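Here the structure comes first, spelled out in structure tokens, and everything after it is commentary.
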Amino acid sequence: MANGAGKKQSRDERERARAYRARQEFHESLTARRRRDNLVAGVAGGVLLVAIIAAQVAYFTVGPGTPEPTLTPSPTSSTTPAPEPTTTELPTPTPTPTP
């Protein structure tokens with residue numbers, strides 16, 4: 001009878017060890033999946049950020065957001081000289097004697 005009890009105990013131990021290994025493998029697969037998902041999300045976020053920046057640069061350099069060019073008067077040589085500023089002299093007030 002001792003022989004039958006030993007078989008049952010070893011069978012229970014093997015089952016517990018199998019269940020433990022299965023839980024370890026499951027946990028490792030979850031960890032690996034989370035790591036992979038985080039990597040994919042990080043790369044996708046980086047690509048999205050670069051695309052947004054590129055779109056903004058393109059919009060403001062070659063798209064409809066480009067500022068309209070304005071015509072600036074170019075300096076041309078003219079035959080008449082520019083008028084010189086005239087100065088007007090103002091009389092300086094003279095102090096009045098005090099009594």
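Predicted model, so just to flag it, every value in this text is computed and none were measured.
Between the CD atom of Gln24 and the NE2 atom of His27 there is a distance of 9.0 Å, given to the nearest 0.5 Å. With values rounded to the nearest 0.5 angstrom, Arg35 atom CZ is found 9.5 Å from Asn38 atom CG. We find the OG-CZ distance between Ser29 and Arg36 to be 9.5 Å, quoted to the nearest 0.5 Å.
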message = Checking Arg21 against Arg18 for the side chain to side chain contact (heavy atoms under 4.5 Å, CB included) test, could you report, in this order, the C-alpha distance in whole Å, the side-chain angles of both residues, the deciding distance, and whether it holds?
response = CA-CA 5 Å; Arg21 282 191 307 270; Arg18 186 197 62 75; 4.1 Å; yes
task = Evaluate salt bridge (Lys or Arg N to Asp or Glu O under 4.0 Å) for Arg33 paired with Asp37, printing each intermediate quantity in order.
result = CA-CA 6 Å; Arg33 180 173 179 158; Asp37 288 349; 3.6 Å; yes
